[in-house]
Amino acid sequence: MKTINKKENYAMRTQKVTNFATLFLCIIMIAASVLTGCTAKETADTGNKPVVVYVADIFNTLNPYDTGAFSDSYVFNQVYESLAKANDQGNAIPGLAKSWEISADALTYTMKLVDNAVFHNGEKFKASDVVFTYNFAKGFAPKSLLFNGENC
């Protein structure tokens, strides 16, 4: 049986806290921004042609906080942009937040938003939009897989 010394124990705890903070950040960023409905990417003018999206199942809602159905996520991934996303390795990568800082106690996250994001109507994406979405999501916390609301 291997004995773990204090340094190894501290390193393991630190790694667990870091992993938890990263996961928590990703979840909060996705939950807080998925309803913003804006993107930093330029979109092509469709000339008012309808956009057709194929979904293998019938989706239930366009409100990601009012469902737990996996089929709805197909639509959400095509319609909404988040503050950050997880890459294939599970690391957070920028989305509508171009960068972020996490406080030493991992309780405060400071996001720096992209400058060129706009809604479908041309209105500029602002920090108040993220706050609105976060507060809106808290009302649906019991129904959603995306937002647990326990730490609100």
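- The minimum heavy-atom distance between Ala97 and Met111, with the atom names listed, is CB-SD, 4.1 Å.
- The minimum heavy-atom distance linking Trp100 with Ala92 is given by the pair CZ2-CB, 3.6 Å.
- In terms of the side chain to side chain contact (heavy atoms under 4.5 Å, CB included) criterion, Asp88 has no residue partners (sequence neighbours excluded).
- Residues meeting the side chain to side chain donor-acceptor pair (under 3.5 Å) test with Asp105, sequence neighbours left out: Ser103.
- Annotation: salt bridge (Lys or Arg N to Asp or Glu O under 4.0 Å) contacts of Lys98 (sequence neighbours excluded): Asp115.
- The heavy-atom pair separating Lys126 from Leu113 by the smallest distance is C-CD1, 3.8 Å.
- Nearest heavy atom pair, residue Val114 against residue Gly95, reads CG1-O, 3.6 Å.
- With sequence neighbours excluded, the residues satisfying side chain to side chain contact (heavy atoms under 4.5 Å, CB included) with Asn121 are Phe119, Glu123.
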